[in-house]
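Report on one structure; see the data block that follows.
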Amino acid sequence: MIDRRRLLLGAGGLSLAATAVSAAAQGSAPKAVGQPLLGHPDLPDQPSQRMRWAIVGLGTFALGQVIPGFMGADESTITAFVSGNPDKAKELGARYGVSKLYSYDTFDKIAEDKEIDCVYIVLPVGLHAEYTIRALKAGKHVLCEKPMASTPAECEAMIADAKAANRQLGVAYRVHFEPNNVEVARRCASGELGTLRYFTGDAGFNANPDWPPHKWRLQKALAGGGSMYDIGIYAMNAAMMCLGEDPVSVSAVYSYPRDDPRFREVEGGVDWRMTFPSGIHAQGSSSYCYAGGTRQKIFGATGAIVMEPASDYYRQNVTLSNGQPLNAGNPISQFAAQVDGFSKAARANVAHLTPGEMGLRDIRIIQAMYKSADNDGMKVML
Ligand code: NDP
């Protein structure tokens, strides 16, 4: 279990956050714009009598993983789609039996819709804060995709609005619901590896500037940050999940070709290091320049666990110290488990396993890594 007391919550900054968000709303803030249909969904009829969800943004991840995930859910069903592409929404609505279709312009009308309990934000990162806050103001619980938002100020505003609305806000850190990752974290906490000594993790892919879902990831206004925001966050978050601590300081350097035209607005790679209160270090890399993959290794005094891939949608390859594989469950179940976990939390109006505060913590840590990398890898205290 996550010990929420360990999350790096700041007391101040809420009014600053509100100002930042309203300034973003007036100025050069990114706009929600519908995109073409990508992906190949093929889903059966949905069950009813569950927590009812609106999916906001019908992109590749929504179509490929999020919506199919609901098919295995026991507590959750989709009742609405929100999209800027009405033809796509209509086509997908017909295919999945989802009759309520909203656009970004009509989104606020969900406040009057009694058949929506929860909203899942699957938009580019630069739109997370705006749509989360609009959904909370409409009285809905919100599960927001990772990374939580572009800045700590936006995250703070989202958390403040969730509190004001008395609604739950979660960040979709799916590996906390993936059976193999959960079992690895349990083994780390159990002492099975002896005293934990070290964590290393890498996560990256080669960004294609011509593919729409990668295109916005290279634009700061829509992406918030670069490889560390999008993909490095997996290994970084996993380090805290496995070690059971939050870091006290970080250092980082950029590691990507500076003349690569893809990285005019966001960084293409970061090599990072976190120091924990116990004295343990975790280090890793994130990249938009290397072939896709995720890999983690946790070393204890008497054992180690290797995960490669570590945070895949469909397959984790986990090896224990004795060379034996660990098969704790089918990774595909993580998507249903995540939405069901949030549905249960929302129904009981208690904090989700991966709450907004965790999302804020991680954005603060990455911002500290950027600060370090901007200053030749100097140590930055958290
Ligand atoms: P896509 O580009 O495939 O989809 C984004 C969707 O957002 C679009 O299809 C569009 O939906 C909507 N959108 C609204 N405004 C814009 C805009 N200005 N530019 C682009 N799209 C816009 O991205 P992904 O599906 O890969 O990512 C979406 C979110 O999911 C991100 O937050 C990402 O970090 C997260 N993600 C999480 C993963 C995980 O494993 N947890 C994996 C992959 C992504 P429409 O046309 O319906 O309006």
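Given the structure is predicted, the values throughout are model-derived calculations rather than measurements. Below, all heavy atoms of this structure are taken into account, side chains as well, without hydrogens, waters or symmetry copies. Whatever order the structure lists ligands and atoms in, that order sets their numbers, starting from 1. For the single chain, residues carry numbers from 1 onward in sequence order.
The N/O atoms of G84, backbone and side chain alike, include one that comes under 3.5 Å of an N/O atom in ligand 1. Annotation: L58 places an N or O atom under 3.5 Å from an N or O atom of ligand 1; distance criterion only.
At the top of the distance list for atom 4 (O) of ligand 1, counting protein heavy atoms only, stands G59 CA, 3.2 Å. Residue, atom and distance of the protein heavy atom nearest to atom 3 (O) of ligand 1 are T60 OG1, 2.6 Å. Distance from atom 15 (N) of ligand 1 to its nearest protein heavy atom, with residue and atom name: V33 N, 2.8 Å.
Of the heavy atoms in Y229, none comes closer than 4.0 Å to ligand 1. Proximity of W216 to ligand 1, defined as any heavy-atom pair under 4.0 Å, is confined to the side chain (atoms from C-beta onward).
The pair R347-E75 meets the salt-bridge criterion, with a side-chain N (NZ, NE, NH1 or NH2) lying under 4.0 Å from an Asp/Glu carboxylate O. Salt bridge absent: R364 and E357 never bring a charged side-chain N and a carboxylate O closer than 4.0 Å.
When the heavy atoms of R217, M148, E145 are ranked by distance to atom 41 (N) of ligand 1, first place goes to E145. The closest non-hydrogen atom to atom 10 (C) of ligand 1, taken over Q35, Q219, K31, K215, comes from Q35. The option from D87, V122, I121 that lies nearest to atom 28 (C) of ligand 1, judged by heavy atoms, is V122.
Annotation: side-chain hydrogen bond (donor to acceptor under 3.5 Å, both in side chains) contacts of D260 (sequence neighbours excluded): R262.
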